[in-house]
Amino acid sequence: MSSSSTKDPSRSSIGSASSYLSNVSNFKIIESTLREGEQFANAFFTTEKKIEIAKALDEFGVEYLELTSPAASTQSYNDCKAIVGLGLKAKILTHVRCHMDDAKLAVQTGVDGLDVVIGTSSYLREFSHGKDMQYIIDTATEVINYVKSEGLEVRFSSEDSFRSDIVDLLNLYRAVDKLGVNRVGIADTVGCASPDQVAELVRTLRAIVSCDIECHFHNDTGCAIANAYAALQNGATHVDTSVLGIGERNGIPSLGGFIARMYAADKEYVKSKYNLHKLRDIENIVADAVGVSAGIHAKAILNNPSTYEILRPEDFGMTRYVAIGHRLTGWNAVKNRVEQLGLPLTDADCKQITNKIKNLADIRPLSLDDVDKLLRKYGQAKEDNSHHAILENIDTPDQITEW
Ligand SMILES: [Zn+2]
């Protein structure tokens, strides 16, 4: 097709014909760093840290924040109330077992909605038609009617949806849909699902319920973001994420990775909804709190020139970074960095420095920090005309590192 050459290069021409089911350009994020993320092995969030994370995510623009059940501990209860008290734009949800005691406690905290999950995965897997099924539906009915009578949103989810009996699952969802839940949720609790399985289950569910569909995917087999995308393509409406993907085991879709996926699918929609410049900040806050390296995802993307046509660094509040500390560097790349640093150097200066960098990089590659130090020092030295001496006096990269 000749028209493909004029298309936005970030858009694949294959499969972009949106089906009538697709919500790729119409979805909501349920951000679960403060629930799923709290289950990450290294996570311990103080109340202050939770508030900092909640505010940052709200500024980013996620539609929902999901918090640990107030039934988990006294602190969890108090933290729920504290975050509700912030008056954020995002709706506040808490994740509770399908149990009246838990539901009542949750309602007391003032949250906007409850994400209700049926107790255990083995429960759903093992029950057969009849008594167990009826018991689950009865319990769900009581809890859902109560939450609705309090005027709150309610989502009803199973656990381990992909290993549950499909007929039982669909009967259960049909029943809670009739009770008027806002959303039903499917959860790949063990992280075993593949995108095609997700597509099939969501499409089937979409035909059976009229409420929204939320998805929760674990990343044990590396498919979490792909599964979330497949779910949206087939009619799901809400996706669970966590910052840096933290959660139980390998976690769930990372907010940054999921956003990158959706940005590649519909850049304007994503930019109109979310404050992408805030993303790096949020990743740093959470990385500090849990002791992992931040921005792995964003950096990996931005360091790889071949991805530039898909993600514009500027949209994420970052500048394009090309590695310039190696022997193959060109003076245009160095000049680009000089401009980013705002240094008043001429093209001739840049060419001289580039030659020096190439010589030094034959010993070992220079880090960006080292290159920046060299550029700044050269820039300063120009004031008293000692810049040539600067270059002449450097013989090894270590000398710069030690400055
Ligand atoms: Zn989970």
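Each ligand, and each atom within it, is numbered from 1 in the order the structure gives.
- Looking at residues two or more places apart in sequence or on another chain, you find a salt bridge (charged side-chain N to carboxylate O under 4.0 Å, His left out) between Asp102 and Arg97.
- Residue Val62 comes nearest to Leu65 through the heavy atom pair CG2-CD2, 3.8 Å, listed as atom of the first residue, atom of the second, then distance.
- For Phe217 and Phe258, the ring centers are positioned 6.0 Å apart or more.
- With waters neither drawn nor counted, the protein N/O/S atoms under 2.8 Å from the Zn ion (ligand 1) amount to 3.
- Looking at Glu52 and Lys49, a side-chain N of the basic residue comes within less than 4.0 Å of a carboxylate O on the acidic one, giving a salt bridge.
- For Lys358, the NZ atom counts as densely surrounded, since its 6.0 Å shell holds more than 12 non-hydrogen atoms of other residues, nucleotides or ligands.
- Salt-bridge formation is not detected for the pair Asp212/Arg155: no Lys NZ or Arg NE/NH1/NH2 atom is positioned less than 4.0 Å from an Asp or Glu carboxylate oxygen.
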